[in-house]
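Order of the sequence lines fixes the chain letters, A, B, ..., with proteins taken first and strands second; residue numbering starts at 1 for each chain.
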Number of protein chains: 2
Amino acid sequence: MELQLQIKMNEGLFLRNPELSDLGKKIIKHSIIMIHKDGFEALTFKKLAKDIGTTEAGIYRYFENKHLLLTYIISWYWSWIEFQILFQTNNIKNPKVRLKKVIKILASEVEDDETISHVNESLLHQIVISEGSKVYLTKKVGEDNKHQFFKPYKDLCGVISDLILECNSAYKYPRSLATTIIEMAHFQNFFMKNLPSLTDFGNSKEESKITAFLSDLVFSSID
Amino acid sequence: MELQLQIKMNEGLFLRNPELSDLGKKIIKHSIIMIHKDGFEALTFKKLAKDIGTTEAGIYRYFENKHLLLTYIISWYWSWIEFQILFQTNNIKNPKVRLKKVIKILASEVEDDETISHVNESLLHQIVISEGSKVYLTKKVGEDNKHQFFKPYKDLCGVISDLILECNSAYKYPRSLATTIIEMAHFQNFFMKNLPSLTDFGNSKEESKITAFLSDLVFSSID
DNA sequence: TATTTATGATAGTGTTACTATCTTTTTAAA
DNA sequence: TTTAAAAAGATAGTAACACTATCATAAATA
């Protein structure tokens, strides 16, 4: 059996769908590699083009600018993570066990998804940690939001929020707690690796401790 | 009685100390206004110079580049907030009451500090919400950290962390909880105003609800 | 009064973020 | 198989940006 997962992306993010051609997939693949290596600020379409073996114009035919390219790959990640969560928690009846699993998925290194060869999910995960918030921390948030560019993130937040309510229907802040889990899973990871004194796991650098912290935080609140 | 608060800034952040001249203060003042208006990405030294009535070179004599200028004003903010916290919680004996007050200070609009005329703290607060994390979300974090550029943020984290331990000396994650409070005070504010469905206070848009959420989160954890 | 220091004015350079155009190759319909 | 349409390659060009450099002038200080 050979399955292929295809994530349907918002059409406003691209000019030509990168999933439908070799060049498109190369753009995704190499932009992930390059952003991971030197950071988003250092990415230029010229360098990316050279890396791929095409020209600047070639990339502009797929993405209007680099911010939309970043928005694309980050959105893709959120959709993919939502699927991972639905898949991996599918058979778990107990909502608390499920929520615990969700926290773990969000706070752990991801394993590469072999069925999608043009995306290195592990690198992408690290990009989301250090560049993810730049997608909405702009003056154009409102506009981008109108185009529904943040729907995957919101959907994920919705899934977690519902799960929180399943654990405790009386809890008053399910959405804010959901975003807190998502953002902190990443921020604590970034701090642990880069500014360790801002966390309590700077020495060990074990991701399992982030899971422990978040679980403690969440279940203290909703129990 | 006339007091003047002066925050001693890390000397690596500037080439010439902006606090010591008219031009320097104008750079701070107008960069805050401009970043608040159009966002950090849109800021250029040329536009800033024109606004002030000087030339590009004039600004380069104070700051090596715009990222260091941002780092400067954000650091300044964290130092200022730490002072505000120490000052406003000075007489409060009960650590829980004090921690509650700290959460409120972090999550509320700031009032302008009239003693420092070249800084509009209220605008600066909004800048810290939407641009603050960009200061460390770069490939140069490690290097900047070595230069101690993040000391004010870390100091604030330390103050809050100590306070958490005062409330409950057995709590295992005081630092991570401190950064969670700081970051979430800002993120929830940003989401509330820009992507309201990610929070539970999107309709009312009252900052007091963020305080309520964070208090609930924190005191559930440490009690 | 002499000298250092800060500022102003102007020019120049390499790079980035595009836009445009024209040709060649690939794909798909007739 | 031919034809036309779509995608990709090649190249050029532009405005803005992030600087660096230089020289003159004004202000502060010794």
For atom CG of B/Asp22 and atom P of C/dT7, their distance in whole Å: 9 Å
Shortest side-chain distance from B/Asn65, nucleotide among D/dC19, C/dT7, D/dA10: D/dC19
Any donor-acceptor N/O pair under 3.5 Å between C/dC18 base and A/Glu64 side chain: no
B/Gln188 and A/Ser176 side chains, donor-acceptor separation under 3.5 Å: yes
Nearest-nucleotide pick for B/Thr55, side chain only, options being C/dA6, D/dC19, C/dG8: C/dG8
Selected nucleotide, minimal atom distance to A/Tyr62 side chain, candidates D/dA8, C/dT7, D/dA18: D/dA8
Between CD on residue A/Glu109 and CD on residue A/Glu111, distance to nearest 0.5 Å: 9.5 Å
Residue pairs involving residues 12-57 of chain A (criterion ring pair (Phe, Tyr, Trp, His ring centres under 6.0 Å); sequence neighbours excluded): A/Phe45-A/Tyr60
Euclidean distance, atom CZ of residue A/Arg16 to atom P of C/dT26 [Å, nearest integer]: 16 Å
Distance, rounded to the nearest Å, where A/Lys66 contributes NZ and C/dC18 contributes P: 9 Å
A/Lys29, NZ: over 12 other non-hydrogen atoms inside 6.0 angstrom: no
Nearest to side-chain heavy atoms of A/Glu56, which nucleotide of D/dA8, C/dC18, D/dA21: C/dC18
B/Tyr60 OH - D/dT20 P separation (whole Å): 7 Å
Members of residues 24-48 of chain A that approach DNA chain D, where some heavy atom sits under 4.0 Å away: none
